[in-house]
Amino acid sequence: MSVLATNYLTPTGREEAWRFTPLNRLAGLHDGTSTSVNRKSLTLRGDVRPGVNTTRISRELVASVSESNDAIVTRVQAEAEDVFIVDIAADTHLPEPVSLYRATGGVDGAELSRVRISIGENSTASVIMENSGSAILGEDVEILVGPGAHLTFVTLQEWTNDSVHAARHHAILDRDSTFKSTTVTVGGSLVRLLPTVEFSGPGSFAELSGVYFATAGQHLEHRIHIDHGIAHAKSRVNYKGALSGEGAHTVWIGDVFIRSAAEGTDTYELNRNLLLSDGARADSVPNLEIETGEIIGAGHASTTGRFDDEQLFYLMSRGIPMDEARRLVVRGFFAEIISHIEDEQIQDRLMGRIDSELAKVGH
Amino acid sequence: MSTLEIRGLEVSVNTDKGAIEILKGVDLVIRSGETHAIMGPNGSGKSTLAYSIAGHPKYTVTGGSVTLDGLDVLAMKVDERAKAGLFLAMQYPVEVPGVSVSNFLRTAVTALRGDAPKLRTWVGEVKAAMNALNMDPGFSERSVNEGFSGGEKKRHEIMQLELLKPKIAILDETDSGLDVDALRIVSEGVNRAKVANDLGVLLITHYTRILRYIKPDFVHVFANGHIVEEGGPELADKLEEKGYAEYVSS
């Protein structure tokens, strides 16, 4: 069964969902030719805290709660041996984030990793997933946000330049809940992330933001899908990217689907790309499908451009040299999103990372 | 004592229809402590003069010279002109999202002085400059010019003038879009900078209103890309009365 399904789904590169992705750089994650290694790298940082349960459970005991037609996600769901569970109990308020990281790695084979994060009714928490080091990683993260709960979810992709990472972050939002995610992708040879959202109760709010910075030879792809299937939910998407160097390629797809039942939907998505050099390419495709006119609002915007000469002139006219002016503009461009991450240490680290990316490309 | 010397300046701008000549030989000398008002109708090239001196890439100098104390300003990059002591208060200051006013000012003053100012004294300087211009203390954490009202943008320009301490300042229609109270506050800032730094001022304006607050030593009438008449403050009174009709009809 699963073999047939996988074969059926194996992408050829002609599919809409795969047409931007260089399949030959996926290390065989998409067609099953990669060798799986029995690595379980995801690890909880620090001590277990009251109200938070982390454990690994055999895959037979934890069925996936959402379907996907993505070949890699389907394979992860079928083949990952166990599921890393983060369960935050109801009525829990965590002052410090739950921090997960990849403790081991390597490009000797593919790790397939399933993760389930759930937060109970009326709880408030942050979960951070840090991906660094080297890896070939296929990953499916399911996130269940309970009624009235508030979850902040931050993922960092700071991989080495030989790493391959394909993942889905799928959130299901119950009534009156809030899900705020920030996705940061700066490392990796090929990173292809699917931040997706569905709603299971009204009155909920999904805010998806992200920053990415691609340098020479990197392919960084983010495919957002927000499925407004029920009434009175709200979503906001804001992703910003910078590119510099030969063959730097970013892809941003923003699919928002408003089904006929989703009256009172309020959605807006935005993607901005800053091209810092020749030879880089940013693809940006916002896409809105609307089956009902009874909505509050639905919109999207996408821009890709070079430095604004007027901004640089203004800064330089105050004595700031060109390099420094460019650095300020790029930092400012990303700060809009990074400054909204609640954890200040993460903020500082990310701005530091942006600085080092800029230094690397000679700005 | 500094001298900005503009001789036979010719400037064109590139458009879809090719290069268009805007400045047709401008001669002007501004010394420390002097205030020169350049007045003229819209479209006469006043702003082009300001932006050309500051080095905006949109404009191409096709003839003439600009020197500051003998140094060739036209050979300098934009930031080098600022370091040499020139300052342009812009009519339409540019928004720089995500860059706070405090970060911007600290970066600018560090570049101009060659090393970072002592934090405590610098914070004090900024506070004093903001107070003097009736600015809200929260202002310094906002992004540069983003969402500023017209008045806030102009106050922010003059705050920079006071903090960055140039030798010669060009004020491009600093009075536009200001109500009477804001005009007075901004003008007082310019007058403080004149006294504190023996500043030379090139004040570009369409209206005589600002000249009630910032007294010019010289008035130049600008039309069709060059200076067509020069005189003392009394020339501004004449313009107030008769307008620019006699200069543009010819």
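Proteins come first, then strands; the chains are lettered A, B, ... in the order of their sequence lines, and each starts at number 1. In what follows, every heavy atom counts, from backbone to side chain, and hydrogens, waters and symmetry copies are set aside.
A salt bridge links B/Asp79 to B/Lys83: one of the charged nitrogens lies within less than 4.0 Å of a carboxylate oxygen. The pair A/Arg353-A/Glu357 meets the salt-bridge criterion, since a charged nitrogen lies less than 4.0 angstrom from a carboxylate oxygen.
Contact annotation for B/Val144: only side-chain heavy atoms (C-beta onward) come within less than 4.5 Å of a heavy atom of chain A. In this structure, no portion of B/Pro166 lies under 4.5 Å from any heavy atom of chain A. With a threshold of 4.5 angstrom between heavy atoms, B/Glu80 does not approach chain A through any atom at all. Looking at A/Phe313, both its backbone and its side chain come within 4.5 Å of chain B, counting heavy atoms on both sides.
Ring pair A/Phe20/A/His249 is perpendicular by interplanar angle, where above 60° counts as perpendicular and below 30° as parallel. Ring geometry, A/Tyr239 versus A/Tyr212: the interplanar angle falls from 30° to 60°, so the pair is classed tilted.
Counting heavy-atom pairs under 4.5 Å between each of B/Thr110, B/Leu105, B/Leu86, B/Asn145 and chain A puts B/Asn145 at the top.
Of the listed residues (A/Leu358, A/Leu220, A/Thr185, A/Thr250), just one forms a side chain to side chain contact (heavy atoms under 4.5 Å, CB included) with A/Phe213, and that residue is A/Leu358.
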